[in-house]
Amino acid sequence: MKINKGQFTLSTPLQWLKFNLGRGRGHFVRYLTNRFRWHIYPRLGRVSRFPDHVDIELSSACDMVCPMCYTVSDDFKKMVTHKNIDPDLFRKIVDECAHYGTYSIRLSFRGEPFLHRKIVELTRYAKEKGIKEVSTLTNGLRLNPTQFEEMLDAGLDWLTISFDGVGETYEKIRRPAKFDEAVEKIRTYKAIKERRGSAKPVIKVQTVWPAIKDDPQAFYDLFEPIVDQVSTNPLMDYLHLDTDIEYEEGFSCPVLYQRLVIGSDGKVLLCINDELGRHIVGDVNTQSLYEIWHGERLTEARAIHRQRRGVELLTPCKACHLPRKTEVRRFEVDGRVIQLEAYTKRTEVIGQ
(Lines give C-alpha, C1' and ligand atoms only; values in the text may rest on other atoms or scores of the structure.)
Protein backbone atom coordinates (compact mmCIF):
# COMPACT_ATOMS: atom_id res chain seq x y z
CA MET A 1 0.00 0.00 0.00
CA LYS A 2 1.47 3.33 -1.08
CA ILE A 3 0.87 6.23 1.32
CA ASN A 4 0.81 9.89 0.19
CA LYS A 5 0.76 9.04 -3.50
CA GLY A 6 0.93 11.91 -5.94
CA GLN A 7 3.35 14.56 -4.68
CA PHE A 8 7.12 14.78 -5.04
CA THR A 9 9.54 17.23 -3.48
CA LEU A 10 12.10 19.12 -5.53
CA SER A 11 13.87 20.10 -2.31
CA THR A 12 16.99 18.41 -0.96
CA PRO A 13 16.70 15.76 1.78
CA LEU A 14 18.01 18.33 4.28
CA GLN A 15 15.36 20.86 3.23
CA TRP A 16 12.71 18.15 3.51
CA LEU A 17 13.91 17.33 7.03
CA LYS A 18 13.91 20.99 8.10
CA PHE A 19 10.39 21.42 6.74
CA ASN A 20 9.09 18.51 8.80
CA LEU A 21 10.99 19.59 11.89
CA GLY A 22 9.29 22.96 11.47
CA ARG A 23 5.88 21.31 11.22
CA GLY A 24 6.43 19.43 14.44
CA ARG A 25 8.08 22.21 16.42
CA GLY A 26 6.59 22.54 19.89
CA HIS A 27 5.01 19.07 19.94
CA PHE A 28 7.52 16.84 18.20
CA VAL A 29 6.66 13.60 20.05
CA ARG A 30 2.99 14.02 19.11
CA TYR A 31 4.05 14.78 15.55
CA LEU A 32 6.10 11.58 15.30
CA THR A 33 3.24 9.57 16.80
CA ASN A 34 0.86 11.07 14.27
CA ARG A 35 3.17 10.25 11.35
CA PHE A 36 3.52 6.66 12.61
CA ARG A 37 -0.25 6.21 12.80
CA TRP A 38 -0.75 7.90 9.41
CA HIS A 39 1.45 5.30 7.71
CA ILE A 40 0.83 2.19 9.82
CA TYR A 41 -2.89 2.18 10.60
CA PRO A 42 -3.98 1.87 6.92
CA ARG A 43 -1.56 -1.02 6.43
CA LEU A 44 -2.96 -2.79 9.49
CA GLY A 45 -6.56 -1.94 8.62
CA ARG A 46 -6.90 -0.40 12.07
CA VAL A 47 -9.58 2.22 12.70
CA SER A 48 -8.54 4.70 15.37
CA ARG A 49 -10.96 5.78 18.09
CA PHE A 50 -11.24 9.14 16.33
CA PRO A 51 -9.65 10.54 13.16
CA ASP A 52 -6.17 11.97 13.68
CA HIS A 53 -6.81 14.49 10.92
CA VAL A 54 -9.96 16.36 9.85
CA ASP A 55 -10.37 18.50 6.74
CA ILE A 56 -12.84 21.34 7.28
CA GLU A 57 -13.77 23.24 4.14
CA LEU A 58 -14.07 26.93 4.98
CA SER A 59 -15.32 27.79 1.49
CA SER A 60 -16.36 25.78 -1.55
CA ALA A 61 -16.08 28.86 -3.78
CA CYS A 62 -12.92 29.96 -5.60
CA ASP A 63 -11.66 33.29 -6.95
CA MET A 64 -9.50 31.80 -9.71
CA VAL A 65 -10.38 30.16 -13.01
CA CYS A 66 -7.73 27.49 -13.57
CA PRO A 67 -8.24 25.33 -16.68
CA MET A 68 -7.30 22.02 -15.00
CA CYS A 69 -9.42 22.45 -11.85
CA TYR A 70 -12.66 20.61 -11.14
CA THR A 71 -14.25 23.84 -9.90
CA VAL A 72 -14.57 24.99 -13.53
CA SER A 73 -16.34 21.80 -14.63
CA ASP A 74 -20.07 21.64 -15.33
CA ASP A 75 -20.48 18.74 -12.90
CA PHE A 76 -18.97 20.73 -10.04
CA LYS A 77 -21.12 23.76 -10.79
CA LYS A 78 -24.25 21.57 -10.79
CA MET A 79 -23.41 19.38 -7.78
CA VAL A 80 -21.56 21.66 -5.34
CA THR A 81 -23.10 24.79 -3.85
CA HIS A 82 -20.77 27.77 -3.35
CA LYS A 83 -20.89 28.28 0.38
CA ASN A 84 -18.80 29.42 3.36
CA ILE A 85 -19.02 27.31 6.48
CA ASP A 86 -21.08 28.64 9.36
CA PRO A 87 -18.67 29.68 12.16
CA ASP A 88 -20.83 28.01 14.82
CA LEU A 89 -20.72 24.73 12.89
CA PHE A 90 -16.95 25.08 12.58
CA ARG A 91 -16.63 25.57 16.35
CA LYS A 92 -18.84 22.54 16.99
CA ILE A 93 -16.56 20.42 14.80
CA VAL A 94 -13.39 21.74 16.43
CA ASP A 95 -14.81 21.23 19.92
CA GLU A 96 -15.35 17.54 19.22
CA CYS A 97 -11.91 17.23 17.61
CA ALA A 98 -10.35 18.81 20.68
CA HIS A 99 -12.29 16.52 23.01
CA TYR A 100 -10.96 13.40 21.29
CA GLY A 101 -7.44 14.72 20.77
CA THR A 102 -7.39 15.12 16.97
CA TYR A 103 -3.84 16.03 16.00
CA SER A 104 -4.43 18.17 12.91
CA ILE A 105 -7.05 19.98 10.90
CA ARG A 106 -6.82 21.55 7.46
CA LEU A 107 -8.96 24.59 6.72
CA SER A 108 -9.40 23.87 3.03
CA PHE A 109 -10.74 21.35 0.58
CA ARG A 110 -12.21 22.39 -2.77
CA GLY A 111 -12.46 26.18 -2.66
CA GLU A 112 -10.29 29.09 -1.54
CA PRO A 113 -10.30 29.31 2.29
CA PHE A 114 -9.33 32.99 2.41
CA LEU A 115 -12.73 33.85 0.93
CA HIS A 116 -14.04 33.19 4.46
CA ARG A 117 -13.93 36.53 6.24
CA LYS A 118 -13.40 34.89 9.63
CA ILE A 119 -10.48 32.63 8.70
CA VAL A 120 -8.13 34.30 11.19
CA GLU A 121 -10.66 34.04 14.00
CA LEU A 122 -11.39 30.38 13.21
CA THR A 123 -7.69 29.52 13.01
CA ARG A 124 -7.14 31.09 16.42
CA TYR A 125 -10.11 29.18 17.85
CA ALA A 126 -8.72 25.85 16.67
CA LYS A 127 -5.29 26.57 18.13
CA GLU A 128 -6.70 27.78 21.45
CA LYS A 129 -8.71 24.56 21.67
CA GLY A 130 -5.45 22.60 21.48
CA ILE A 131 -5.27 21.38 17.88
CA LYS A 132 -1.54 20.78 17.38
CA GLU A 133 -1.32 21.37 13.63
CA VAL A 134 -3.60 23.74 11.74
CA SER A 135 -2.86 24.04 8.03
CA THR A 136 -4.44 25.35 4.88
CA LEU A 137 -3.99 25.35 1.12
CA THR A 138 -4.40 28.60 -0.82
CA ASN A 139 -4.06 29.91 -4.35
CA GLY A 140 -2.50 33.01 -2.79
CA LEU A 141 -4.63 35.56 -4.65
CA ARG A 142 -6.59 36.96 -1.73
CA LEU A 143 -3.94 36.42 0.94
CA ASN A 144 -1.75 39.48 1.59
CA PRO A 145 1.13 40.28 3.99
CA THR A 146 -1.12 41.87 6.61
CA GLN A 147 -3.38 38.82 6.75
CA PHE A 148 -0.38 36.49 6.66
CA GLU A 149 0.94 38.12 9.83
CA GLU A 150 -2.49 37.83 11.41
CA MET A 151 -2.51 34.11 10.58
CA LEU A 152 0.98 33.78 12.09
CA ASP A 153 -0.31 35.42 15.29
CA ALA A 154 -3.35 33.13 15.26
CA GLY A 155 -1.02 30.12 15.27
CA LEU A 156 -1.18 28.73 11.72
CA ASP A 157 1.36 25.91 11.46
CA TRP A 158 1.54 25.18 7.74
CA LEU A 159 0.63 27.11 4.60
CA THR A 160 0.68 25.50 1.15
CA ILE A 161 0.52 27.79 -1.87
CA SER A 162 -0.47 26.41 -5.27
CA PHE A 163 1.71 28.19 -7.82
CA ASP A 164 1.75 26.68 -11.30
CA GLY A 165 4.67 27.69 -13.49
CA VAL A 166 6.81 30.78 -13.99
CA GLY A 167 6.03 34.07 -15.76
CA GLU A 168 3.43 33.92 -18.53
CA THR A 169 2.77 30.25 -17.86
CA TYR A 170 1.66 31.07 -14.32
CA GLU A 171 -0.59 33.91 -15.47
CA LYS A 172 -2.24 31.75 -18.15
CA ILE A 173 -3.06 29.03 -15.61
CA ARG A 174 -3.73 31.02 -12.44
CA ARG A 175 -6.07 33.68 -13.81
CA PRO A 176 -6.42 36.50 -12.75
CA ALA A 177 -3.24 36.47 -10.62
CA LYS A 178 -0.12 38.39 -11.72
CA PHE A 179 3.22 36.61 -11.50
CA ASP A 180 5.48 39.37 -10.15
CA GLU A 181 2.97 40.41 -7.50
CA ALA A 182 2.42 36.81 -6.40
CA VAL A 183 6.15 36.11 -6.03
CA GLU A 184 6.76 39.36 -4.16
CA LYS A 185 4.06 38.50 -1.63
CA ILE A 186 5.74 35.18 -0.88
CA ARG A 187 9.09 36.96 -0.44
CA THR A 188 7.37 39.25 2.04
CA TYR A 189 6.00 36.27 3.99
CA LYS A 190 9.54 34.99 4.44
CA ALA A 191 10.66 38.45 5.60
CA ILE A 192 7.80 38.57 8.12
CA LYS A 193 8.78 35.19 9.54
CA GLU A 194 12.42 36.28 9.83
CA ARG A 195 11.48 39.57 11.48
CA ARG A 196 9.25 37.74 13.95
CA GLY A 197 11.78 34.94 14.54
CA SER A 198 9.10 32.38 13.73
CA ALA A 199 9.58 29.01 12.04
CA LYS A 200 5.83 28.83 11.49
CA PRO A 201 3.87 28.72 9.40
CA VAL A 202 6.14 26.51 7.33
CA ILE A 203 5.48 27.38 3.69
CA LYS A 204 5.32 24.94 0.82
CA VAL A 205 4.90 25.93 -2.82
CA GLN A 206 3.50 23.26 -5.12
CA THR A 207 2.92 23.06 -8.87
CA VAL A 208 1.44 20.67 -11.39
CA TRP A 209 4.24 19.03 -13.37
CA PRO A 210 3.23 20.16 -16.91
CA ALA A 211 3.58 23.80 -15.82
CA ILE A 212 7.32 23.37 -15.10
CA LYS A 213 8.38 20.33 -17.13
CA ASP A 214 10.28 22.43 -19.70
CA ASP A 215 12.46 23.98 -16.98
CA PRO A 216 11.97 22.59 -13.46
CA GLN A 217 15.27 24.15 -12.43
CA ALA A 218 13.91 27.67 -12.99
CA PHE A 219 10.92 26.98 -10.74
CA TYR A 220 13.13 25.53 -8.03
CA ASP A 221 15.63 28.39 -8.22
CA LEU A 222 12.83 30.92 -7.86
CA PHE A 223 11.29 29.44 -4.72
CA GLU A 224 14.04 27.55 -2.90
CA PRO A 225 15.40 30.74 -1.24
CA ILE A 226 12.00 32.00 -0.05
CA VAL A 227 9.98 28.96 1.06
CA ASP A 228 10.52 25.87 3.20
CA GLN A 229 9.70 23.26 0.57
CA VAL A 230 9.14 23.13 -3.21
CA SER A 231 7.01 20.30 -4.62
CA THR A 232 5.36 19.10 -7.79
CA ASN A 233 2.64 16.61 -8.62
CA PRO A 234 1.49 14.92 -11.83
CA LEU A 235 -1.56 16.30 -13.59
CA MET A 236 -4.63 14.55 -12.21
CA ASP A 237 -7.86 13.98 -14.09
CA TYR A 238 -9.79 16.54 -12.08
CA LEU A 239 -12.00 17.27 -15.10
CA HIS A 240 -12.98 13.58 -15.34
CA LEU A 241 -12.23 13.37 -19.04
CA ASP A 242 -10.21 10.14 -19.05
CA THR A 243 -11.96 7.02 -20.36
CA ASP A 244 -9.08 4.57 -20.76
CA ILE A 245 -7.78 4.19 -17.21
CA GLU A 246 -5.33 1.60 -15.92
CA TYR A 247 -5.63 0.64 -12.26
CA GLU A 248 -3.20 -0.90 -9.81
CA GLU A 249 -4.00 -4.51 -9.03
CA GLY A 250 -5.37 -5.21 -5.57
CA PHE A 251 -5.68 -1.54 -4.57
CA SER A 252 -6.85 -0.80 -1.02
CA CYS A 253 -7.32 2.83 -0.01
CA PRO A 254 -5.35 4.25 2.96
CA VAL A 255 -7.35 7.49 3.19
CA LEU A 256 -10.34 5.87 4.90
CA TYR A 257 -8.14 5.24 7.94
CA GLN A 258 -6.41 8.62 7.96
CA ARG A 259 -8.86 11.51 7.77
CA LEU A 260 -12.43 12.73 7.79
CA VAL A 261 -13.48 15.32 5.19
CA ILE A 262 -16.22 17.86 5.91
CA GLY A 263 -17.68 20.16 3.26
CA SER A 264 -18.67 23.75 3.96
CA ASP A 265 -22.31 22.63 4.16
CA GLY A 266 -21.52 20.11 6.91
CA LYS A 267 -21.81 17.04 4.70
CA VAL A 268 -19.05 14.46 5.25
CA LEU A 269 -17.61 12.98 2.08
CA LEU A 270 -16.20 9.52 1.50
CA CYS A 271 -12.68 10.92 1.26
CA ILE A 272 -10.52 13.87 0.25
CA ASN A 273 -10.70 12.79 -3.41
CA ASP A 274 -14.49 12.78 -3.65
CA GLU A 275 -14.58 16.44 -4.66
CA LEU A 276 -18.07 16.19 -6.22
CA GLY A 277 -19.60 14.73 -3.08
CA ARG A 278 -20.94 11.64 -4.82
CA HIS A 279 -20.70 9.43 -1.74
CA ILE A 280 -21.88 11.20 1.41
CA VAL A 281 -21.18 9.27 4.61
CA GLY A 282 -22.69 11.65 7.17
CA ASP A 283 -23.77 15.16 8.14
CA VAL A 284 -22.23 17.01 11.09
CA ASN A 285 -25.28 19.26 11.27
CA THR A 286 -27.15 16.33 12.79
CA GLN A 287 -24.46 13.78 13.72
CA SER A 288 -21.27 13.66 15.74
CA LEU A 289 -17.94 13.07 14.02
CA TYR A 290 -17.45 10.00 16.22
CA GLU A 291 -20.73 8.56 15.00
CA ILE A 292 -19.79 9.15 11.36
CA TRP A 293 -16.21 7.83 11.71
CA HIS A 294 -17.54 4.54 13.08
CA GLY A 295 -20.79 4.66 11.13
CA GLU A 296 -22.27 2.21 8.67
CA ARG A 297 -21.26 3.98 5.45
CA LEU A 298 -17.55 4.38 6.25
CA THR A 299 -17.40 0.91 7.78
CA GLU A 300 -18.90 -0.51 4.60
CA ALA A 301 -16.44 1.42 2.41
CA ARG A 302 -13.46 0.14 4.42
CA ALA A 303 -14.78 -3.43 4.08
CA ILE A 304 -15.10 -3.01 0.31
CA HIS A 305 -11.50 -1.81 0.09
CA ARG A 306 -10.27 -4.68 2.25
CA GLN A 307 -11.82 -6.93 -0.41
CA ARG A 308 -9.89 -4.89 -3.05
CA ARG A 309 -13.18 -3.93 -4.77
CA GLY A 310 -13.25 -0.17 -4.24
CA VAL A 311 -12.77 0.74 -7.91
CA GLU A 312 -15.45 -1.77 -8.84
CA LEU A 313 -18.11 -0.80 -6.31
CA LEU A 314 -17.58 2.82 -5.23
CA THR A 315 -18.22 5.58 -7.78
CA PRO A 316 -15.65 8.13 -6.48
CA CYS A 317 -12.94 5.47 -6.45
CA LYS A 318 -13.30 4.86 -10.20
CA ALA A 319 -12.23 8.45 -10.89
CA CYS A 320 -9.68 8.73 -8.06
CA HIS A 321 -5.96 9.13 -8.81
CA LEU A 322 -4.85 6.84 -5.98
CA PRO A 323 -5.74 3.49 -7.66
CA ARG A 324 -4.29 4.54 -11.02
CA LYS A 325 -1.14 2.95 -12.41
CA THR A 326 1.89 5.18 -12.71
CA GLU A 327 5.10 5.32 -14.69
CA VAL A 328 8.34 6.99 -13.62
CA ARG A 329 9.48 10.24 -15.24
CA ARG A 330 13.05 11.27 -14.35
CA PHE A 331 14.43 14.79 -14.42
CA GLU A 332 17.20 16.72 -12.69
CA VAL A 333 17.28 19.66 -10.31
CA ASP A 334 20.71 20.88 -9.16
CA GLY A 335 22.17 17.66 -10.54
CA ARG A 336 19.87 15.57 -8.33
CA VAL A 337 17.68 13.00 -10.05
CA ILE A 338 13.99 13.45 -9.19
CA GLN A 339 11.62 10.58 -9.91
CA LEU A 340 8.05 11.65 -10.56
CA GLU A 341 5.36 9.00 -10.93
CA ALA A 342 2.95 10.13 -13.65
CA TYR A 343 -0.33 8.37 -14.38
CA THR A 344 -0.34 6.02 -17.35
CA LYS A 345 -2.54 6.94 -20.34
CA ARG A 346 -2.93 10.44 -18.90
CA THR A 347 -2.31 13.50 -21.03
CA GLU A 348 0.05 16.13 -19.62
CA VAL A 349 -1.71 19.05 -21.29
CA ILE A 350 -3.27 21.45 -18.80
CA GLY A 351 -7.01 21.70 -19.36
CA GLN A 352 -7.28 18.19 -20.85
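The analysis underlying the following values was restricted to heavy atoms, covering all of them including side chains, and did not include hydrogens, waters or symmetry mates. Numbers here are sequence positions counted from 1.
In this structure H99 satisfies the side-chain hydrogen bond (donor to acceptor under 3.5 Å, both in side chains) test with no other residue, sequence neighbours excluded. Under the side-chain contact (heavy atoms from CB on, under 4.5 Å) criterion, H53 pairs with W38, D55, S104, R106, R259, not counting sequence neighbours. With sequence neighbours left out, E194 forms a salt bridge (charged side-chain N to carboxylate O under 4.0 Å, His left out) with K190. For Y100, the ring-ring contact (aromatic ring centres under 6.0 Å, His included) partners are F50, Y290, not counting sequence neighbours. The salt bridge (charged side-chain N to carboxylate O under 4.0 Å, His left out) search around K127 returns D157, not counting sequence neighbours. Annotation: side-chain hydrogen bond (donor to acceptor under 3.5 Å, both in side chains) contacts of R309 (sequence neighbours excluded): E312. In this structure E348 satisfies the side-chain hydrogen bond (donor to acceptor under 3.5 Å, both in side chains) test together with R329, sequence neighbours excluded.
In this model, no donor atom of one side chain and acceptor atom of the other lie less than 3.5 Å apart for E332 and Q217. Side-chain contact check for W158 and T160: at least one donor-acceptor pair (N or O, by modelled atom type) lies under 3.5 Å. Counted by atom type alone, R174 and Y170 present zero donor-acceptor pairs between their side chains at under 3.5 Å. Side chains of Q229 and Q15: a donor-acceptor N/O pair is absent below 3.5 angstrom, by distance only. A donor atom on one side chain and an acceptor atom on the other are not found under 3.5 Å apart for T344 and E327.
Between K325 and E249, none of the side-chain N atoms (NZ, or NE/NH1/NH2) sits under 4.0 Å from a carboxylate O, so this pair counts as no salt bridge. Using a 4.0 Å cut-off between charged nitrogen and carboxylate oxygen, E246 and R324 do not count as a salt-bridge pair. Residues K204 and D228 are not paired through a salt bridge, judged by the lack of any N-O separation under 4.0 Å between the basic side chain and the carboxylate.
With ring centers used as reference points, Y41 lies 6.0 Å or more from F36. In summary, the aromatic rings of F219 and W209 are positioned with their centroids too far apart to meet the 6.0 Å limit.
Hydrophobic cluster membership differs between V134 and Y31, with clusters built from Ile, Leu, Val, Met, Phe, Trp and Tyr side chains linked at under 4.5 angstrom.
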Name each donor-acceptor pair under 3.5 Å that joins a side chain in residues 68-81 to protein atoms two or more places apart or in another chain, with its distance.
unit_1 : atom_1 : unit_2 : atom_2 : d
S73    : OG     : Y70    : O      : 2.7
S73    : OG     : F76    : N      : 3.2

Would you give me the side-chain donor-acceptor pairs under 3.5 Å for residues 113-121, sequence neighbours excluded?
unit_1 : atom_1 : unit_2 : atom_2 : d
H116   : ND1    : K118   : N      : 3.1
H116   : NE2    : I85    : O      : 2.8
E121   : OE2    : R91    : NH2    : 2.5

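Looking at I93 and L89, their side chains come closer than 4.5 Å, going by heavy atoms from C-beta outward. Residues L322 and V255 form a side-chain contact, since some pair of their non-hydrogen atoms from C-beta on lies under 4.5 Å apart.
Counting only residues at least two apart or in different chains, side chain to side chain donor-acceptor pair (under 3.5 Å) contacts with residues 130-148 comprise R23-E133, D63-N139, E112-T138, E112-N139. Every pair tested for ring pair (Phe, Tyr, Trp, His ring centres under 6.0 Å) that includes a residue from residues 258-286 fails, sequence neighbours excluded, so the list is empty. Sorted by first then second residue, the ring pair (Phe, Tyr, Trp, His ring centres under 6.0 Å) pairs that include residues 182-203, not counting sequence neighbours, are F148-Y189.
Between the side chain of T169 and the backbone N or O of G165 there is no donor-acceptor pair closer than 3.5 Å. The backbone N or O of E341 lies less than 3.5 Å from no partner atom in the side chain of T326, so there is not a single donor-acceptor pair. Not one N or O on the side chain of Q339 forms a donor-acceptor pair closer than 3.5 Å with the backbone of V328. In this structure a side-chain-to-backbone donor-acceptor pair under 3.5 Å is present from K193 to P201.
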